[in-house]
There are 2 protein chains.
Amino acid sequence: MPLTLRQRNRLDAIHRIMDTAMDLFDERGYSDVTIEEIAAASGVSPRTFYRYFGTKEGLFTADPLAAVGLGSYSGQIDPGDLPGTLERLIARIGEGPGVSEGGRRTSWRGMRYVMEEPSVRAAVYGALDEEAERLTALLRDAGESPARARVIARSYLFGAYFGALEQWHLDGRSRPLGDYVRDGLAALADQTAGGRGQA
Amino acid sequence: MPLTLRQRNRLDAIHRIMDTAMDLFDERGYSDVTIEEIAAASGVSPRTFYRYFGTKEGLFTADPLAAVGLGSYSGQIDPGDLPGTLERLIARIGEGPGVSEGGRRTSWRGMRYVMEEPSVRAAVYGALDEEAERLTALLRDAGESPARARVIARSYLFGAYFGALEQWHLDGRSRPLGDYVRDGLAALADQTAGGRGQA
DNA sequence: AACGAACTGGCAGCTACTGTCAATAAGGCA
DNA sequence: TGCCTTATTGACAGTAGCTGCCAGTTCGTT
């Protein structure tokens, strides 16, 4: 059962808005483009923009498929093997044109703004935060104490994942992203195990 | 050489605004209090509020002493002993009434909003982000590779530090904060060293 | 006391964001 | 196909966060 017309229209609009917005941002800079302009250039009303994305930064955190009921990457987490999960998650990035169906690579066009615009960055942190909350719950279910679960989840997402992504971006995205993640995880292991305070 | 009159005035105003704001927030909730109200209740103009704090969320990330040229906790980081540094940082929290001179505990009155208001939380993440950048540089100076330095710095601040703080808060701040930090660091060590993917 | 610099307040204005309601388009059904 | 119901959109008005600008005041200094 494919998507209904309504769902397709909505998905089209979302993608159109995202692309248009990135075009405008690339052209004139993030803060010099207003929602009104994005909406006009995409053929929707500002009100509709907000219905879809919630905020201007939502452009960078919204999952188009979630908007039609299909969450993309959730439940793909194996709490017993976080390094492996991380590896699998990042495998989707960087290689090939896009994430899941559609071949859309909007998120990677937008990465620049995630790194450079504080407000966008903050929004992404908010999203990571929610993800960390979910992961914490999973780890608790897997037997970790609440405190341990929380610290592990946050370190993986904010430290190993985002940290690697950032360094990868800073280095011009030449070396494979996976290298950075492996590097980072190894560093954490050294640091926590080897350091003088082994606590 | 004590503070000049101007510096004292400014510092007084900052503290007065912070206290007043927290009073109002506790009374009616964060989002139902406007800057205009805070300013009026503190006896300053809204324009001045923005000069001091930059944003509404700045109330939670501003360091009053920095406003008069005295940064408080910077340069207290020993990149060779992060667990120890963390321990020292948190030693200032929770015990006793306040941070540094003045016996002010505004930040701990505000913790509730840091945890519960997404926008405040996001602002704190922004501040952590900057701190992480500084720590990353220190670790690089100490010989770590950029990628490793970045991941370690971020894991410590977003994972071990903020994660412990959050769990401590969620548990009602009964057990000492240090326990949470130690717990978390130990968990990280187990996780990265012990797991099947030792990568 | 007088001068220059720092600081404050008031005003005007922009833009992000929300509630509400009428208009419209899609889906289901006879 | 034509009609009815319901989801979705657009227009309007309004709130509040935030900034630039300038005039007036306060403070530090000589």
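What you see is a predicted model, and the numbers here were worked out from it, not measured in a lab. Labels below follow one simple rule: chain letters A, B, ... track the order of the sequence lines, proteins then strands, and each chain is numbered from 1.
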Asker: For the pair made of CD1 in A/I38 and P in C/dT15, what is the distance, rounded to whole Å?
Answerer: 12 Å
Asker: When the distance from NZ of A/K56 to P of C/dT18 is rounded to whole Å, what number comes out?
Answerer: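 Taking NZ of A/K56 and P of C/dT18, I get 15 Å after rounding.
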Asker: How long is the line joining CG of B/L59 and C1' of D/dA16, in whole Å?
Answerer: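 Spelled out: CG on B/L59 to C1' on D/dA16 is 15 Å.
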Asker: Do NZ/NE/NH1/NH2 and the carboxylate oxygens of A/D19 and A/R16 come within less than 4.0 Å?
Answerer: no
Asker: Looking at C/dC17, C/dT8, C/dT15, which one has an atom nearest to any side-chain atom of A/T55?
Answerer: C/dC17
Asker: Can you list the residues that meet the side chain to side chain donor-acceptor pair (under 3.5 Å) rule with B/T4, with sequence neighbours excluded?
Answerer: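 Listed in chain order: nothing, the list is empty.
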Asker: Output the rounded distance in Å from CD1 (B/I17) to C1' (C/dC7).
Answerer: 13 Å
Asker: Check this for me: does any side-chain nitrogen of one of B/R148 and B/E144 sit under 4.0 Å from a carboxylate oxygen of the other?
Answerer: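 A salt bridge links B/R148 with B/E144.
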Asker: Measure the distance from CD1 on A/I14 to P on D/dT8 and round it to the nearest whole Å.
Answerer: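 One finds 11 Å between P of D/dT8 and CD1 of A/I14, rounded.
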Asker: Between A/E57 and A/R121, is the closest basic N to carboxylate O distance under 4.0 Å?
Answerer: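 Salt bridge: no.
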Asker: Please determine if A/D129 and A/R134 form a salt bridge, counting it only when a charged side-chain N lies under 4.0 Å from a carboxylate O.
Answerer: no
Asker: May I have the distance from A/R51 (atom CZ) to C/dT18 (atom C1'), rounded to whole angstrom?
Answerer: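 Interatomic distance, CZ of A/R51 to C1' of C/dT18: 11 Å.
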Asker: Are B/Y161 and B/Y156 close enough that their ring centres sit under 6.0 Å apart?
Answerer: no
Asker: Return the value, rounded to whole Å, for the distance between atom CD of B/E57 and atom P of D/dA16.
Answerer: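 Roughly 15 Å, once rounded to whole Å.
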Asker: Is there any protein nitrogen or oxygen under 3.5 Å from a nitrogen or oxygen in nucleotides 26-30 of chain C, and what are the pairs?
Answerer:
from   : atom 1 : to   : atom 2 : distance (Å)
C/dA26 : O4'    : A/R6 : NH2    : 3.4
C/dA26 : N3     : A/R6 : NH2    : 3.4
C/dG27 : OP1    : A/T4 : OG1    : 3.2
C/dG27 : OP1    : A/L5 : N      : 3.0
C/dG27 : OP1    : A/R6 : N      : 3.2

Asker: Just checking, A/R154 and B/F162: is the charged tip under 6.0 Å from the six-membered ring centre and within 45° of the axis?
Answerer: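 A/R154 over B/F162 ring: no.
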Asker: Under a 3.5 Å distance rule, please check whether B/K56 uses its side chain to pair with a backbone N or O of B/V33 as donor and acceptor.
Answerer: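 At least one qualifying donor-acceptor pair exists.
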Asker: Check each residue of residues 42-50 of chain A for a non-hydrogen atom within less than 4.0 Å of any atom in DNA chain C, then write out the ones that pass by number, or none.
Answerer: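 A/R47, A/Y50, in order of number.
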Asker: For the pair made of CG in B/L3 and P in C/dC7, what is the distance, rounded to whole Å?
Answerer: 13 Å
Asker: Counting side-chain heavy atoms from CB outward, which of D/dG17, C/dC17, C/dC7 is closest to B/R10?
Answerer: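 Nearest nucleotide to the side chain: C/dC7.
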Asker: Can you identify which nucleotide, out of C/dC17, D/dT9, D/dG17, has its nearest atom closest to the B/I35 side chain?
Answerer: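 Closest nucleotide among those given: D/dG17.
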Asker: Counting only side-chain nitrogens and oxygens, does B/Y52 get under 4.0 Å of the OP1 or OP2 atom of C/dC7?
Answerer: no
Asker: Are any side-chain N or O atoms of A/E37 and backbone N or O atoms of A/T34, one a donor and one an acceptor, separated by less than 3.5 Å?
Answerer: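 Yes; at least one donor-acceptor contact below 3.5 Å.
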